[in-house]
J.: 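Below are the structure tokens for one structure; questions will follow.
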Amino acid sequence: MSQPTNDASSTNPSRTPRPLPTAGAGRKEWTAFVVLLLPLLLVSMDVSVLFFAIPSITRELDPSSTQQLWIFDIYAFALAGLLITMGSLGDRIGRRKLLLFGAAAFGVASIGAAYAQSAEMLIAARALLGVGGATLMPSTMALIRNMFTDTKQRSKAVGIWSGAMAGGIALGSVMSGIMLEHFWWGSVFLINVPAMVLLLALVPLLVPEFKDPEPGRFDLLSVPLSMGSVLPVIYGVKETAAHGISVAMLLCVLAGLAVGTVFVRRQGSGRSTMISRALFQERGFGAGITLNALAAFAMMGSSYFTTQYLQSVLGMSTMEAALWSLAPSVSVGIAAPAATAVAQRVRRSSVVAAGFVIAAAGFVVLNLTGTDSLWLLLAGAAISSCGIVTVMALVADMALASAPVEKAGSAASLLETGQEFGGAMGMALLGSIGTAVYRADIPASAPHQVRETLGGARAAGGPGMVDLAREAFVHGMHFAAAGGAALLLAGAVLTVVLLRGRKNPVGREAAGASAELAA
């Protein structure tokens, strides 16, 4: 961990940085780490917390169909669009300071969402929640990078971090259902407030401040450019997954890619840029982002089908489906720390490649399901989740270890932005495969609702048509699972190629890199 400095030394630009010591983290650091898991859990839970609340919100606030979509989506869009900006900002003003700002914003926004009196107020509060979330996620990962300078301890911490993030998404929908059994819909947001108050109280006591001692000028123009490149692509991909390919969404994605090209060129040519070129000097960083995005592709693609299978094929209620979906999360909580422990003894590239193979095996199991295969589905989901979280934990640690310590916030934000892209693409591409097969299996004479979705078939079709639609959905899931398995096996090959000859990361600090503690 960096050593404290006084005001004079920390502001002297000519000061020679001290090497980071590599002493292991003690009780204080591990206690601080547990506190840092609070915002991570809540940010990931807020992705799914509205699954049960939306019927009550509809009755109380009477949103239009467009407003209802924005109530769901604005949080994820604000989060994804601001990750790069907030990661860079944390490197400049201090990661702890940004974390505290984000916690305060997240708590205030949660109260605003809980007591919103109109759809517009709720959309605005959800947008502020996304802004807060964008500060919290890269800050927590960057602080972990700074607090744990010992390679084994850092790997263990990142493994637990990855498992908590994956589990939080599943936990959000269940927590929402439990709260709504006893309280009004706003309670699903109020559960954030005590945790944020605890975070604001404990972080200043337990977590030291870290920031880049020579951050350079903040590139204001890159803020709209980064948002203009990320948001149109993710929005276009998500809409394509939900409603099929359209000219408007294709143009939206192309516009985002065009702005992204301008953004990348600016980062490559400017003196004071939002993304430091030093991040990509180590081969492991770019490889980590690529492999992490590929794992997120598989994770969201799998979730897309398993959730629908539980509700639409097996006919479970939303609450019942959410509870069953927690079952694979138990194995995830074990897999991430176990993978990091194995990677201490075996070449990391081999463990990452094995993770991809395990995830592919899970997709193969999904390919064996019928229309009444609950346990087979859960087994496939558990196996694939274990493989995916293995990949995510190890490549995230590898990427962070490859990045300069003073750029840890930017490194974490790029990892998470790539994860958002990968997840959106997984839902869009694998979902499109399943939908195409489903529609091909449904007779052209069937009602439009039946041909669109299995949910529509349950609402509009008779028993015979519903059975046919269930078979068609499972058939489509088989094709998507086969495509996902092939992609994951390609990920294993890509791992061997990208990480060939690369030893397990020890972190830049072991080579004499440094980070400065803010005064």
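Side-chain atoms are counted along with the backbone in the values below, which use heavy atoms only and exclude waters and symmetry mates.
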J.: Sequence neighbours left out, what pairs pass ring-ring contact (aromatic ring centres under 6.0 Å, His included) with at least one residue falling in residues 307-335?
T.: Trp324-Trp375

J.: Does any part of the side chain of Val131, heavy atoms only, come nearer than 4.5 Å to the side chain of Phe106, both counted from C-beta?
T.: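 No, too far: nothing below the 4.5 Å cut-off.
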
J.: Give me the atom names and distance for the closest heavy-atom approach of Ile71 to Ile74.
T.: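 Here Ile71 and Ile74 meet closest at O-CG2, 4.3 Å.
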
J.: Could you tell me which residues satisfy side chain to side chain donor-acceptor pair (under 3.5 Å) with Glu60, sequence neighbours excluded, listed by chain and number?
T.: none

J.: Would you please name every residue forming a side chain to side chain contact (heavy atoms under 4.5 Å, CB included) with Ala32, sequence neighbours left out?
T.: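 In terms of side chain to side chain contact (heavy atoms under 4.5 Å, CB included), with neighbours along the sequence ignored, Ala32 is linked to Met147, Leu206, Val207.
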
J.: Are the side chains of Ser385 and Met299 in touch, meaning some heavy atoms are under 4.5 Å apart?
T.: no

J.: Looking at Ala142, is its backbone amide N or carbonyl O close enough to the side chain of Arg95 to form a donor-acceptor pair, meaning the two atoms are under 3.5 Å apart?
T.: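 Absent.
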
J.: Do Leu100 and Leu199 have side-chain heavy atoms sitting under 4.5 Å apart?
T.: no

J.: Determine the minimum heavy-atom distance between Phe363 and Ser302, stating which atoms define it.
T.: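 Reported closest heavy-atom pair: CZ-CB, 3.8 Å.
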
J.: If you look at every heavy atom in Gly112 and Ala125, which pair is closest and at what distance?
T.: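 Answer, listing the atom of Gly112 first, then Ala125: C-CB, 3.9 Å.
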
J.: Can you tell if the side chain of Gln308 reaches within under 4.5 Å of the side chain of Val313, non-hydrogen atoms only?
T.: no

J.: About how many Å separate CG of Asp62 and CD1 of Ile57, when rounded to the nearest 0.5 Å?
T.: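 Interatomic distance, Ile57 CD1 to Asp62 CG, rounded to 0.5 Å: 12.5 Å.
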
J.: State the CE-CD1 distance between Met86 and Ile93, to the nearest 0.5 angstrom.
T.: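 Atom-to-atom, Met86:CE and Ile93:CD1 are 8.5 Å apart.
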
J.: With a 4.5 Å heavy-atom cut-off, do Phe305 and Phe473 have their side chains touching?
T.: yes

J.: Might you point out which heavy atoms bring Gly102 and Leu136 nearest each other, and give the distance in Å?
T.: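 So the minimum-distance heavy-atom pair works out to C-CD2, 3.9 Å.
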
J.: Is a side-chain N or O of Ser187 found less than 3.5 angstrom from the main chain of Phe183, in a donor-acceptor match?
T.: no

J.: With rounding to the nearest 0.5 angstrom, report the CG to OG1 distance, Leu79 to Thr417.
T.: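 With rounding to 0.5 Å, CG (Leu79) is 8.5 Å from OG1 (Thr417).
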
J.: If the test is side chain to side chain contact (heavy atoms under 4.5 Å, CB included), which one of Leu98, Val203, Leu99 qualifies with Leu143?
T.: Leu99

J.: From Asp397 CG over to Met392 CE, what is the distance, rounded to the nearest 0.5 angstrom?
T.: 15.0 Å

J.: Side chains of Val253 and Pro232: closer than 4.5 Å at any heavy-atom pair?
T.: no

J.: Is the count of non-hydrogen atoms from other residues, nucleotides or ligands lying under 6.0 Å from Phe101 atom CZ greater than 12?
T.: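 12 or below, so no.
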
J.: Do you know which of Leu129, Ile123, Leu128 makes side chain to side chain contact (heavy atoms under 4.5 Å, CB included) with Arg126?
T.: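 Exactly one option meets the side chain to side chain contact (heavy atoms under 4.5 Å, CB included) with Arg126, and it is Leu129.
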
J.: Taking the side chain as C-beta and beyond, is there a heavy-atom pair between Leu377 and Leu366 under 4.5 Å?
T.: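 Yes, their side chains come closer than 4.5 Å.
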
J.: Any heavy-atom pair between the side chains of Phe297 and Leu487 that's under 4.5 Å?
T.: yes

J.: Compare every heavy atom of Ala116 with every heavy atom of Leu61, then report the nearest pair and how far apart it is.
T.: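 Minimum heavy-atom separation between Leu61 and Ala116: CD2-O, 3.7 Å.
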
J.: Mind listing the closest non-hydrogen atom pair of Leu83 and Pro138 along with its distance?
T.: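 Smallest interatomic distance, heavy atoms only, reads CD2-CD, 3.8 Å.
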
